[in-house]
Each structure stands twice: as C-alpha cells, then as structure tokens.
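Notes follow the structure.
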Amino acid sequence: MTDARLILVLPDREAAEEVAERVAELLELPEEPEPLRDALAGEDDAEDAQWLVVLEGPVADPAPLSALAEEHEGWLERE
C-alpha cells in the first residue's frame with residue numbers, strides 16, 4: 001500500500017479531466033479529483049503548462065494509475 005502524494009502529470013486539460021474521471025472510478029472515490037494547471041518551472045509561455053491530477057492518501061497499487069497516465073501521454077510522480 002502506497003501512502004504518499006501521487007501526481008498524474010498530463011499534457012492538456014482534456015486529458016486531465018478524463019484521467020480524473022477514470023481515477024475516481026478505479027479507486028472508487030466519492031468524488032473526482034480536481035485537475036490543476038501547473039506551469040513548467042522556468043517557462044514563461046502559458047502554452048507550456050502541464051495539467052495535474054493530485055491524489056492524497058493510501059493507494060494499494062499505483063501501477064494502474066501510471067498506465068492510465070501513460071495512455072494519455074503523461075506520467076505518474078510520487079512525493
């Protein structure tokens with residue numbers, strides 16, 4: 001069981017919204033996580049913003065979340 005902050009990093013809002021919906025279904029969450037926009041460090045251009053879906057708390061197996069992010073040209077980070 002992983003009890004950490006998991007961040008799914010996605011290329012655009014549409015992907016983040018779809019991933020948030022699927023994450024809620026996969027983890028049987030009471031509500032969808034809210035996608036957040038995060039500008040890349042050192043980038044001034046708003047076009048270079050990434051979208052994040054942040055999960056707090058225990059996750060039994062993060063592998064399906066990683067696969068889901070990769071399906072949408074993103075990746076999973078752990079903090």
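Numbers for residues simply follow the sequence, beginning at 1. Any value given below was found using the heavy atoms of this structure, including those in side chains, with hydrogens, waters and symmetry copies removed.
Leu65 approaches Leu8 most closely through the heavy-atom pair O-CD2, 3.5 Å. Taking all atoms of both residues into account, the shortest heavy-atom contact from Trp51 to Arg37 is CZ2-CD, 3.5 Å. Nearest heavy-atom pair across Asp61 and Pro64 is O-CD, 3.0 Å. Pairing each heavy atom of His72 with each of Ala15, the nearest pair is CB-CB, 4.1 Å. Minimum interatomic distance between Arg78 and Pro62 (heavy atoms only, all atoms of both residues): NH2-CG, 3.3 Å.
By the rule that hydrophobic residues join a cluster once side-chain heavy atoms approach within less than 4.5 Å of another member, Leu6 and Leu26 end up as members of one cluster. Under a hydrophobic clustering in which Ile, Leu, Val, Met, Phe, Trp and Tyr are joined whenever their side-chain heavy atoms come within less than 4.5 Å, directly or via other members, Leu52 and Val59 fall into different clusters. A single hydrophobic cluster is not seen to contain both Leu68 and Trp75; linkage of ILVMFWY side chains at heavy-atom distances under 4.5 Å, directly or through other members, places them apart. Using a 4.5 Å cut-off between side-chain heavy atoms of Ile, Leu, Val, Met, Phe, Trp and Tyr, with links allowed through other members, Leu27 and Val19 fall into the same hydrophobic cluster. Under the 4.5 Å side-chain heavy-atom criterion for Ile, Leu, Val, Met, Phe, Trp and Tyr, Val54 and Val9 are members of the same hydrophobic cluster.
In the displayed structure, Glu14 atom CD is contacted under 6.0 Å by at most 12 heavy atoms of other residues, nucleotides or ligands. No more than 12 heavy atoms of other residues, nucleotides or ligands shown are found within 6.0 angstrom of CD on Glu73.
Taking Glu34 as the reference, nothing meets the side chain to side chain contact (heavy atoms under 4.5 Å, CB included) condition, with sequence neighbours excluded.
Residues Pro33 and Leu55 meet the side-chain proximity criterion, which asks for heavy atoms closer than 4.5 Å. Under the 4.5 Å side-chain criterion, counting only non-hydrogen atoms from C-beta, Ile7 is not in contact with Leu76.
Note that CD of Glu18 and CZ of Arg13 are 14.5 Å apart. Values are rounded to the nearest 0.5 Å. Glu56 CD to Arg5 CZ: the interatomic distance, rounded to the nearest 0.5 Å, is 5.0 Å.
Under a 4.0 Å N-O distance rule, the pair Arg22/Glu17 does not qualify as a salt bridge.
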